[in-house]
Asker: 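Shown below is the structure under consideration.
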Amino acid sequence: KREGKVRIEIRADHNPPHFHVTSPDSNFMVDLASFAVMRGSGSSQELAWAIAWAKDHTEALKAKWSEINEPE
């Protein structure tokens, strides 16, 4: 998902399931189960928007995580 300069990405990555929030001003890694910031820094407004969007699209994000990261 991209909104302006902010991107929410699911990557082929390590556990636990998480998503990345990136922009020129932000770089966060957010746990997909708790929505807690695992690491990163940047704009609190961008992070808040990304988490709100992710909460509304949790099932799709979890499905994408499984598709990319779990063996068939």
Asker: Would you indicate whether the side-chain heavy atoms of W65 and N15 approach each other to under 4.5 Å?
Answerer: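 They are in side-chain contact.
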Asker: Partners of S44 by side chain to side chain donor-acceptor pair (under 3.5 Å), sequence neighbours excluded?
Answerer: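 So S44 forms no side chain to side chain donor-acceptor pair (under 3.5 Å) with any residue.
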Asker: Measure the spacing between NZ of K1 and CG of L61 and express it to the nearest 0.5 Å.
Answerer: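 Spacing of NZ (K1) from CG (L61) equals 11.5 Å.
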Asker: Decide yes or no for D31 and P16: does some side-chain heavy atom of the first lie under 4.5 Å from some side-chain heavy atom of the second?
Answerer: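 Result yes, sub-4.5 Å side-chain heavy-atom pair found.
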Asker: Please name all residues satisfying side chain to side chain contact (heavy atoms under 4.5 Å, CB included) with R39, sequence neighbours left out, ordered by chain then number.
Answerer: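 Side chain to side chain contact (heavy atoms under 4.5 Å, CB included) list for R39, sorted by chain: H14, M29.
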Asker: Do H20 and R11 have side chains that approach each other closer than 4.5 Å (heavy atoms only, starting at C-beta)?
Answerer: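 Touching, per the 4.5 Å side-chain cut-off.
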Asker: Determine whether V21 and V6 make a side-chain contact, defined as any pair of heavy atoms from C-beta on separated by less than 4.5 Å.
Answerer: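 Side-chain contact under 4.5 Å: yes.
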Asker: With rounding to the nearest 0.5 angstrom, report the CG to CD distance, D25 to Q45.
Answerer: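 Reported to 0.5 Å precision, the distance equals 10.5 Å.
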Asker: Which residues satisfy the side chain to side chain contact (heavy atoms under 4.5 Å, CB included) test with S26, sequence neighbours excluded?
Answerer: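 Checked S26 against side chain to side chain contact (heavy atoms under 4.5 Å, CB included); matches are S23, F28, S43, E46.
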Asker: Any side-chain heavy atom of M38 sitting closer than 4.5 Å to one from V30?
Answerer: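 Side-chain contact under 4.5 Å: no.
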Asker: Is there a side-chain contact between I10 and I68 (heavy atoms, below 4.5 Å)?
Answerer: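 Yes; the side chains approach each other to less than 4.5 Å.
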Asker: Would you mind reporting whether W49 and E3 have side-chain heavy atoms less than 4.5 Å apart?
Answerer: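 E3 reaches W49 side chain to side chain.
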Asker: Could you give the distance from CD1 (I51) to CD1 (I8), rounded to the nearest 0.5 Å?
Answerer: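 CD1 of I8 is found 9.0 Å from CD1 of I51.
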Asker: Side chains of D13 and F19: closer than 4.5 Å at any heavy-atom pair?
Answerer: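 In short, these two side chains do not touch, never coming nearer than 4.5 Å.
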